[in-house]
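All residue numbers refer to positions in the sequence shown, counting from 1.
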Amino acid sequence: MTGTLTKALATLLVILSASVVTAATGCSDDTDDGATTRQTEPTATSTVDGVVDDHENDTGSATLTAEQRADAIDVAGAYLAAKTDFKRPQFGWKVEAAARADDGTWYARISASPQDASMEVEQIYVYSPADSGFWIALDMGTGIDPATDERFPEEVRGKL
């Protein structure tokens, strides 16, 4: 019970944080990081306010709809912008892999490829609770290994 309550509170905190980011970026000037900008039906490669969302090679996300991919990328972009000093347009975005757990929850690995070639590609993990219609950032970093990380259900570990 305590674990469920803790997870629910953590989820609420992430949603509230995303709302703050949305409100802050929605009222900003032309330096907006684009964290809330989304194209509902992205093409293979789409550019929205200077942010490139590259779905051309999204073989791992073939089971996600275009809208789900765009929403997952939006959350990943907002998470990266909130956790770092970088802005979303400084990266190219792609859903690298997605998998659905037995309970219906979607998990996705989003790559953020920096325009600065001296920087490494960042990996951001997000999930969408079953039948929720929204995504939540789980964590980010190149050292995360879903295959051994207990935050990921066993049935999706080898797929991300």
**OP:** Test Asp74 against Arg88 for salt bridge (charged side-chain N to carboxylate O under 4.0 Å, His left out), laying out the working first.
**Re:** CA-CA 9 Å; Asp74 279 346; Arg88 183 176 171 185; 2.8 Å; yes
Original post:
After noting the C-alpha distance and the side-chain angles of Arg151 and Asp139, does the key distance pass the salt bridge (charged side-chain N to carboxylate O under 4.0 Å, His left out) rule?
Top reply: CA-CA 10 Å; Arg151 295 178 291 179; Asp139 204 352; 2.8 Å; yes
Subject >> Chi angles and distances behind the side chain to side chain contact (heavy atoms under 4.5 Å, CB included) call for Leu138, Val126 >> reply: CA-CA 5 Å; Leu138 179 66; Val126 297; over 6 Å; no
Original post:
Would Ser113 and Lys94 satisfy side chain to side chain contact (heavy atoms under 4.5 Å, CB included), going step by step from the backbone distance to the final call?
Top reply: CA-CA 8 Å; Ser113 302; Lys94 182 167 54 171; over 6 Å; no
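Not a single donor-acceptor pair under 3.5 Å links the side chain of Glu154 to the backbone N or O of Ala147. Panel note: side chain Thr84, backbone Leu80; a donor-acceptor pair is recorded below 3.5 Å.
Contacts of Glu120 classified as side-chain hydrogen bond (donor to acceptor under 3.5 Å, both in side chains), with partners at least two apart in sequence or in another chain: Thr142. Residues satisfying the side chain to side chain contact (heavy atoms under 4.5 Å, CB included) test with Asp103, not counting sequence neighbours, are Ala101, Thr105.
Between Trp93 and Ile124 the shortest side-chain heavy-atom distance falls below 4.5 Å. Side-chain contact between Asp149 and Arg157 is absent, with no heavy-atom pair separated by less than 4.5 Å.
For the pair Pro114 and Ala112, the tightest heavy-atom approach, listed with the atom from each and the gap, is CD-O, 3.4 Å. When all heavy atoms of Gly141 and Tyr125 are compared, the pair lying nearest together is O-CE1, 4.3 Å. Scanning all heavy atoms of the two residues, the minimum distance from Tyr79 to Ala137 falls at CD1-CB, 3.2 Å. Heavy atoms only, all atoms of each residue included: Ile136 and Val75 are closest at C-CG1, 4.0 Å.
Taken from CD1 in Ile144 to CG in Leu160, the straight-line distance is 11.0 Å, to the nearest 0.5 Å. In this structure, Gln123 CD and Ser111 OG are separated by 5.5 Å, a value rounded to the nearest 0.5 Å. How far CZ of Arg69 is from CG of Leu64: 7.0 Å, rounded to the nearest 0.5 Å. In this structure, CD1 in Ile110 is found 13.5 Å from CE in Met140, a value given to the nearest 0.5 Å. Here the CD-CZ distance, from Glu96 to Arg109, works out to 5.0 Å after rounding to the nearest 0.5 Å. Separation of atoms CZ (Phe134) and CD (Gln68) is listed at 13.0 Å; rounding is to 0.5 Å.
Checked against the 6.0 Å centroid threshold, Phe86 and Phe91 count as a close aromatic pair. Aromatic rings from Phe152 and Tyr127 are positioned such that their centres are separated by 6.0 Å or more.
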